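First comes the structure, then the notes that go with it.
For the single chain, residues carry numbers from 1 onward in sequence order. Values in this document were obtained by computation on a predicted structure and should not be read as measured data. Ligands are counted one by one from 1 in listed order, and the atoms in each one are counted from 1 as well.
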Amino acid sequence: MDQSKMHPETLALHAGYRKDDTNAVAVPIHMTTSYQFDSTEHAENLFALKELGNIYSRIMNPTCDVMEQRVAALEGGVAALALASGQAASTFAILNLCKAGDNFVCSTDIYGGTWNLFQNTLKDLGIECRFVDPADPENFRKATDDKTRCYYAETLPNPKLHVFPIKEVADIGRAEGVPLIMDNTAAPVLCKPLEHGAAVVIYSATKYMGGHGTSIGGMLIDGGNFDWEAGGDRFPTLNQPDPSYHGAVWTEAVKPLGPIAFIIRARVILLRDMGSAMSPFNAFQFIQGIETLPLRMARHCENAVKVAEFLKGHDKIENVIHPSQQSGEPAKRRDAYLKGGHGALCGFELKGGADAGRKFIDSLELLYHVANIGDARSLAIHPATTTHSQLSVEDQAKAGVTPGYVRLSIGLEHIDDIIADLSQALDKV
Ligand code: PLP
C-alpha cells in the first residue's frame with residue numbers, strides 16, 4: 001500500500017517497519033554499539049557516504065531508524081533524526097544553520113529551557129537570538145537581516161497557549177529566504193507544521209510521543225521543502241564545502257538521495273561531533289508510545305476540554321487558559337492550525353494568588369506535582385514557585401505567569417476522577 005495515502009493511526013503502527021529477518025512483529029531493540037563491515041571496501045564506502053549503512057550507534061541505529069522513519073511519515077517530512085532529548089533537538093536545529101556571528105529570530109512564547117539555551121548558551125557561542133512577539137507576524141520580518149539563518153517558534157506554547165501563526169511567519173520567511181523551525185511538542189497529530197510552510201520540525205519526544213513518562217528523547221524532522229542551494233550565502237553550512245567532511249557540499253552530496261541536506265548534515269557532523277544520540281532502548285519505548293499517539297491525543301484533548309469547562313464555572317478561579325476558551329485572533333489561529341482537538345495543557349488563575357496556588361498543589365491526591373507535560377497521567381505545577389521562580393514578578397507576568405497561576409497537563413484517567421481531584425483540592429484553597 002502507498003504510505004503517502006495512509007492515515008496517522010495507520011502510520012503510527014506501521015511506518016518504517018514491517019518485520020525483520022527474524023519475522024519479529026514488534027520492533028526489536030538493537031543494543032549494539034557497532035556493526036561488522038563486510039570488507040575494507042564496504043567500510044570505505046560507508047565512511048565516504050558512497051553507500052548508506054550502519055557504522056556506529058552514536059550516528060545511526062536500526063531501532064532509532066524505525067522511530068525516525070515513523071515520525072518523518074507522521075509529520076509529512078522526508079527524513080528525521082532521533083536525539084537524546086528535546087534540548088538536543090532544538091540545539092541541533094539552530095547549530096545546523098548558524099555559526100558564530102549569525103543570528104536567528106525566535107518567538108518570545110517558548111519553553112523556558114529553550115529560552116535559556118538561546119539567550120545565554122548560544123550567545124556565548126557567538127550566535128544571537130532575536131526574540132520577537134508572535135502576536136504580529138511582521139515582527140519576524142522586521143528583525144531579519146543578511147545574517148539571519150532561521151525563525152524558531154512553538155506551535156502551542158504554554159503558559160499562554162496562543163497558537164503560533166505558522167503559515168503567516170513561514171510565508172514571510174520564504175519571501176525573505178529564511179526557513180521556519182517549529183517545536184511541535186505540545187501538538188503532535190493535531191498540527192503538521194510542514195503542511196503550513198515550516199521547513200523543519202522538532203519535538204521533545206519525552207512528552208506526548210513517549211506518553212508514559214519513562215524516557216527522555218528528541219526528534220528533528222527535515223521537511224525537504226526548503227531550497228538551501230537557492231539561499232546562497234545565507235546557508236554556508238549546507239551549500240558550501242564542509243572542511244569537517246573532506247569538503248563535501250551537502251546540497252550536492254545528497255542529490256542522489258533526495259532533499260535531505262539538512263538532516264544528513266545534522267547526523268554526520270553534529271551528531272558525530274556532539275554525540276547526543278538517542279539510546280535504542282529509549283527509541284523502543286518511544287515506538288510503543290507512538291503506536292497509540294493518535295488515540296491518546298484524542299482522549300487527552302477530550303478530557304482537557306471537560307476540565308476547562310469545569311474550571312470555568314468555579315468561584316475560586318479568576319481565569320481559565322485553554323484554547324477551547326479563546327476568542328478573537330487566538331481562536332482564529334487555533335482553528336487554522338489545530339485539527340482534532342485543542343491540546344491537553346490547561347492553565348488557570350486562582351483568585352487567592354500564590355498562597356492559593358501552593359495550597360491547591362499541596363492538596364492534590366491524584367494529579368502528580370511534576371515539572372513535565374504530556375504524560376498519560378494528569379500532572380500539575382505552580383510555575384511561580386518552580387519553573388518561573390528565577391524570573392522577576394514583572395517578567396513572570398510578561399510570560400503569562402501570575403502568582404495564582406496553575407498549569408495542568410490533562411491525562412487519560414476517567415474524567416470524573418480528574419475533576420473529583422481538582423474539585424477537592426479547590427475546596428481546600
Ligand atoms: N520543547 C518544549 C515545548 C518542552 O516543553 C520541552 C521540555 O519541557 C523541551 C522542548 C525540552 O525537551 P526535553 O526535556 O526532552 O529536553
Side-chain angles (χ1 to χ4, degrees), residues 64 67 71 75 80-95 106-122 129 131 134 152-164 166 180-191 193 198 200-221 270-271 274-279 282-283 285-286 289-290 297 300 323 337-338 343-347 368-375 377 379-381 383 386-390 399-401 407-411:
C64 295
M67 162 119 185
V71 172
E75 288 302 316
L81 182 62
L83 293 163
S85 66
Q87 286 299 95
S90 48
T91 307
F92 275 38
I94 302 299
L95 292 187
C106 182
S107 164
T108 45
D109 294 356
I110 54 164
Y111 163 62
T114 312
W115 183 287
N116 276 333
L117 165 70
F118 288 179
Q119 170 90 328
N120 301 307
T121 304
L122 291 187
C129 177
F131 287 105
Y152 189 101
E154 284 179 23
T155 304
L156 183 58
N158 80 72
K160 289 183 202 156
L161 300 178
H162 286 178
V163 173
F164 183 78
I166 306 174
L180 172 63
I181 299 170
M182 288 302 305
D183 178 340
N184 202 42
T185 297
V189 183
L190 309 178
C191 180
V200 172
V201 176
I202 78 118
Y203 276 96
S204 166
T206 315
K207 311 295 184 319
Y208 293 101
M209 224 171 238
H212 297 82
T214 65
S215 312
I216 301 280
M219 292 302 293
L220 186 59
I221 301 119
L270 297 179
L271 190 53
M274 288 183 227
S276 355
M278 179 182 284
S279 146
N282 281 10
Q285 297 279 61
F286 289 127
I290 291 169
M297 286 312 290
H300 274 294
Y337 297 115
L338 296 186
L345 301 177
C346 181
Y368 282 88
H369 177 205
V370 296
N372 194 25
I373 58 167
D375 197 307
R377 290 157 277 256
L379 316 173
I381 199 158
T386 55
T387 52
H388 290 67
S389 58
Q390 64 277 41
V401 171
R407 184 188 77 198
L408 305 176
S409 170
I410 300 302

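- Remark: S276 OG to L270 CG distance equals 8.5 Å, nearest 0.5 Å.
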Donor-acceptor contacts, no H, no angles, side chain residues 106-119, under 3.5 Å, sequence neighbours left out:
unit_1, atom_1, unit_2, atom_2, d
S107, OG, D109, N, 2.9
D109, OD1, K160, NZ, 3.2

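- Once rounded to the nearest 0.5 Å, the distance linking OG of S204 with CE of M219 reads 11.5 Å.
- Taking each heavy atom of I202 and L220 in turn, the nearest pair found is CG2-CD1, 3.6 Å.
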Please tabulate protein-ligand N/O pairs under 3.5 Å for ligand 1, atom names and distances to 0.1 Å.
unit_1, atom_1, unit_2, atom_2, d
ligand 1, 1 (N), D183, OD2, 2.6
ligand 1, 8 (O), K207, NZ, 2.7
ligand 1, 12 (O), S204, OG, 3.1
ligand 1, 15 (O), G86, N, 2.9
ligand 1, 15 (O), S204, OG, 2.8
ligand 1, 15 (O), T206, OG1, 2.6
ligand 1, 16 (O), G86, N, 3.1
ligand 1, 16 (O), Q87, N, 2.9

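- Counting all heavy atoms, side chain and backbone alike, I166 lies closest to C191 at CD1-SG, 3.7 Å.
- From K207, atom NZ reaches atom CG of N184 across 13.5 Å, with rounding to the nearest 0.5 Å.
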